[in-house]
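Below, chain A is the first sequence line, B the second, and so on; all start at residue 1.
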Amino acid sequence: MIEIPYNVKPRQETGLYNAKLGIWLFLASEVMLFGGLFSAYVLLRVGSPVWPPGGEAQLNIPLATINTFNLILSSWTIVKSWIALKENDFKGFKTYMGITLLCSLIFLVIKYFEYSAKLHHGIFPSTDNFYGIYFTLTGLHGLHVIGGLIVNFYLWGPGKKMWKSEPERFTNRVEVSGLYWHFVDLVWIFLFPTLYLL
Amino acid sequence: MLFGFVLMMIMRWQLAYPDTPVPFIGGLLSEDKLLSPDMYNAFGAMHGTIMIFLGVVPILVGAFGNYVVPLQIGAPDMAFPKLNMASYWVYFVGGIVMFASFFMEGGPAASGWTMYPPLSIIAENGETVWLLGMVFLITSSLLGSMNIIVTIVQLRPEGLTWMRLPFFVWAQLVTSFLLVLAFPPLEAAAVLQIMDRIAETSFFMPSGLVVGGEVVDVAGGGSPLLWQHLFWFLAHPEVYVLILPGMGIVAEVVANNTRKPLWGYKALVYSVVFLGFMSFIVWAHHMFLTGMGQAMSAFFQTTTMIISIPSVIILSALLISLWGGSIRFNTPMLFALGWMPMFGIGGLTGLPLGLAPTDIPLHDTYYVIGHFHYVVAPGSIFAIFAGIYYWFPKMTGHKLNESLGKVHFYFSFIFMNGIFMPMFIQGLAGVSRRLADGGASYAHALEVLQWNEFMSYSAWFLGLAQIPFIINIVLTILKKRDENAERNPWKSTTIEWNAAPSPPIAHGNFDKELTVYRGPCEYSVPGANKDFSPQTEK
Ligand code: HEM
Ligand SMILES: [Cu+2]
């Protein structure tokens with residue numbers, strides 16, 4: 001039986017191994033997903049005589065700012081964890097990936113406080129379209145964070161066995177997961193000014 | 001697929017004999033054995049959804065794409081076998097969710113396969129289930145198409161350059177790109193609509209909407225048109241998802257059975273890629289009636305006219321390929337030949353729809369229904385049949401029975417036209433689509449109403465015409481497995497015929513590493529010792 005080629009090593013012509021091409025395609029589709037939502041936002045905003053329709057938005061800018069830096073930090077640490085693996089430094093990987101996990105947890109906790117404060121003040125997605133799109137966009141982004149958290153936790157915890165058997169493949173996995181994580185980060189960097197500042 | 005067809009046959013009863021009890025299965029529907037207008041709507045919506053998202057796409061992309069593509073490019077398997085399984089199971093769940101909606105209180109989704117709000121938002125719960133089902137189906141196609149792209153890009157063996165890929169593979173590649181890029185906006189739209197339904201947001205709900213004499217209690221300020229834009233941004237590329245793999249199959253069958261190279265292979269490839277690009281910027285031709293203004297309308301009319309050029313190139317190239325070939329009229333070839341005029345009719349009738357002045361009176365009439373059924377029913381479905389007859393020996397080691405196949409083809413061909421041709425007549429007379437009584441309550445429709453009965457009979461006979469096909473499949477599958485079955489029964493050049501018939505599903509398709517020496521359709525090469533020169537032979 002013939003093995004599936006380019007599972008680990010890149011194909012010369014394309015310079016990519018299979019999973020890397022896969023994740024790029026996946027991210028392309030994610031761009032379209034959030035692109036669709038952002039265009040919906042733009043159209044709703046343009047179509048509304050005042051924005052937000054209910055007057056002054058009540059979003060917690062300081063908390064969101066903390067979260068922005070928090071995510072940027074985690075993007076950097078996940079790259080560091082990948083570099084550590086490249087340099088055969090498994091300890092370094094554990095540390096940096098650990099920080100990444102911590103950052104994502106903090107992000108979710110802060111988000112939780114933001115949400116519950118809103119609900120507490122009687123602000124729901126149904127209040128008006130501004131809050132509707134706010135909850136939808138940040139909620140969907142939150143789900144992406146949770147997804148990334150699970151995958152990264154798997155790589156950090158139970159999945160690390162692979163480092164022993166197939167180190168190169170494991171490193172690739174971390175790289176792919178990192179690419180995804182950058183994307184999640186990037187979405188937030190668009191979300192933050194769009195929803196909170198503009 | 002079969003189920004979708006049954007829904008349609010029941011609907012046609014209602015159209016032919018409004019308010020007459022449905023025979024045989026009427027008892028299942030309601031106590032008085034009638035198909036109520038509500039149920040008619042639901043059946044219509046589910047017919048469209050099932051046929052497109054659970055029928056044609058999974059068969060063309062999921063089945064043929066997954067099975068034939070790795071074989072045709074000489075890959076041992078798909079790039080991500082596990083992802084493939086995941087994609088299948090997600091699809092499976094999506095399918096179950098869709099069917100489950102039939103048992104919901106208030107019935108399944110009933111706002112057409114296009115799910116236009118606000119109707120779809122104030123409707124019964126079946127709608128929510130539809131949206132959830134869609135999210136699953138979309139995810140499944142995403143995973144599947146990513147897999148196909150990676151397989152094609154990464155797993156080609158030595159010597160299989162881009163311009164040596166069989167046309168079918170090209171078609172699948174473009175289709176997969178359409179799926180990857182066009183489906184997510186629908187997913188976004190589905191998420192927004194779910195929010196509208198569950199969290200009572202009003203993304204698609206305008207202010208002051210009155211339903212049943214009362215103003216709907218939502219914040220308002222949303223726009224139903226937003227949904228239409230997001231929906232058609234997907235759904236126009238989607239129609240090419242439905243037809244491109246079909247074109248690919250037809251091209252393979254034509255090259256094989258004319259015993260000569262495809263005419264204009266390169267033109268075909270460039271056309272299909274161009275088609276893929278263009279299909280992203282024509283979507284608003286489904287919305288000329290929304291008062292979009294001159295400039296927008298002019299833009300989308302222009303792009304629509306431009307996109308028909310590559311389609312015409314492809315069809316012409318396939319037709320010219322027939323010229324001077326020594327054609328073998330076997331069943332796959334018959335279906336491929338039947339496909340050509342049918343697709344031609346479908347495409348040509350699309351042109352008047354692409355121009356606002358002619359589309360405005362025709363929009364939402366049976367003319368539109370006729371148009372797209374010509375492209376998807378005899379179009380995609382005939383291509384699917386051609387593919388099944390052509391690759392069946394690949395799957396099982398046995399060809400399907402030719403006589404039964406021919407019976408299947410001729411009757412299907414006749415009755416397909418019997419159903420869809422009169423739709424043009426009715427549509428031009430102004431009969432609207434989605435009317436539970438087929439237009440009987442409109443004076444302008446009365447003159448063409450007699451066609452309803454004719455179309456319904458055609459539909460039922462078309463159902464009967466599938467019996468020889470089903471018998472054929474069952475008989476052939478039951479045949480004993482022939483260990484020494486001939487590998488290349490159609491004497492084809494493409495790589496898939498190098499593998500043993502019915503290779504163990506997935507994993508290790510070929511016995512040895514392959515090297516490719518030539519293009520995909522080198523038939524009757526002057527000086528060669530036989531009339532086909534396989535890609536893997538020097
Ligand atoms: C080749 C040139 C084509 C042109 C110019 C064209 C044009 C159009 C236009 C303008 C409409 C909208 C009509 C209306 O709602 O008033 C339409 C509807 C439709 N077309 Fe085409 N079309 C073409 C090919 C195709 C192909 C290849 C397919 C599918 C395989 C297809 C599938 C559909 C479907 C499904 C609809 C109806 C959607 C609905 O309202 O439910 N068309 N076409
Ligand atoms: Cu279209």
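Taking a 6.0 Å sphere around CH2 of A:Trp51, one finds it holds more than 12 heavy atoms contributed by other residues, nucleotides or ligands. Within 6.0 Å of CD in A:Glu166 there are more than 12 heavy atoms belonging to other residues, nucleotides or ligands. For CZ of B:Phe299, the number of neighbouring non-hydrogen atoms (other residues, nucleotides, ligands) closer than 6.0 Å is greater than 12. Within a 6.0 Å sphere centred on OH of A:Tyr180, heavy atoms belonging to other residues, nucleotides or ligands number more than 12. In A:Phe153, the CZ atom is not crowded: 12 or fewer heavy atoms of neighbouring residues, nucleotides or ligands sit closer than 6.0 Å. Counted within 6.0 Å of OH on A:Tyr96, heavy atoms from surrounding residues, nucleotides or ligands total 12 or fewer; the atom is thus considered open.
Side chains of A:Asn18 and B:Leu155 form a contact here, defined as non-hydrogen atoms less than 4.5 Å apart. Looking only at side-chain heavy atoms (C-beta outward), A:Thr136 and B:Phe203 come within less than 4.5 Å of each other.
For residues 180-190 of chain B, heavy-atom neighbours of chain A at less than 4.5 Å comprise B:Val180, B:Leu181, B:Pro184, B:Pro185, B:Glu187, B:Ala188, sorted by residue number.
Atoms CG and NE2, from A:Leu43 and B:His229 in turn, are 7.0 Å apart once rounded to the nearest 0.5 Å. One finds the CZ atom of B:Phe233 at 4.0 Å from the CE atom of A:Met32 (value rounded to the nearest 0.5 Å).
Among A:Val31, A:Leu140, A:Leu44, the residue making the largest number of heavy-atom pairs under 4.5 Å with chain B is A:Leu44. For the set B:Ser223, B:Ala199, B:Ser176, B:Pro157, the entry with the most heavy-atom pairs within less than 4.5 Å of chain A is B:Ala199. The residue among A:Tyr6, A:Phe135, A:Phe124 with the most heavy atom pairs within less than 4.5 Å of chain B is A:Tyr6. Interface remark: of the candidates B:Ile149, B:Ile194, B:Thr151, B:Leu225, B:Ile149 forms the most heavy-atom pairs closer than 4.5 Å to chain A.
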Take A:Phe26 and B:Leu143 through the side-chain contact (heavy atoms from CB on, under 4.5 Å) test and state the conclusion after the steps. CA-CA 8 Å; A:Phe26 178 70; B:Leu143 298 179; 5.5 Å; no

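The two residues B:Leu142 and A:Ser29 come nearest to each other via the heavy atoms CD2-CB, 3.8 Å. Heavy-atom minimum distance, B:Leu192 versus A:Ala40: CD1-CB, 3.8 Å. Closest non-hydrogen pair, B:Gln154 versus A:Tyr17, comes out as NE2-C, 3.5 Å. Between B:Arg156 and A:Arg11, the closest heavy-atom pair is O-NH1, 3.1 Å.
Heavy atoms of B:Met146 lying under 4.5 Å from chain A belong to its backbone as well as its side chain. Within the 4.5 angstrom heavy-atom criterion, no atom of A:Pro53 approaches chain B. Neither the backbone nor the side chain of A:Phe34 comes within contact range of chain B; no heavy atoms are under 4.5 Å apart. For B:Val191, the part lying under 4.5 angstrom from a heavy atom of chain A is the side chain only. For a residue to count as touching a neighbouring chain, one of its non-hydrogen atoms must lie under 4.5 Å from one of that chain's; by this rule A:Leu21 touches chain B with backbone and side chain alike.
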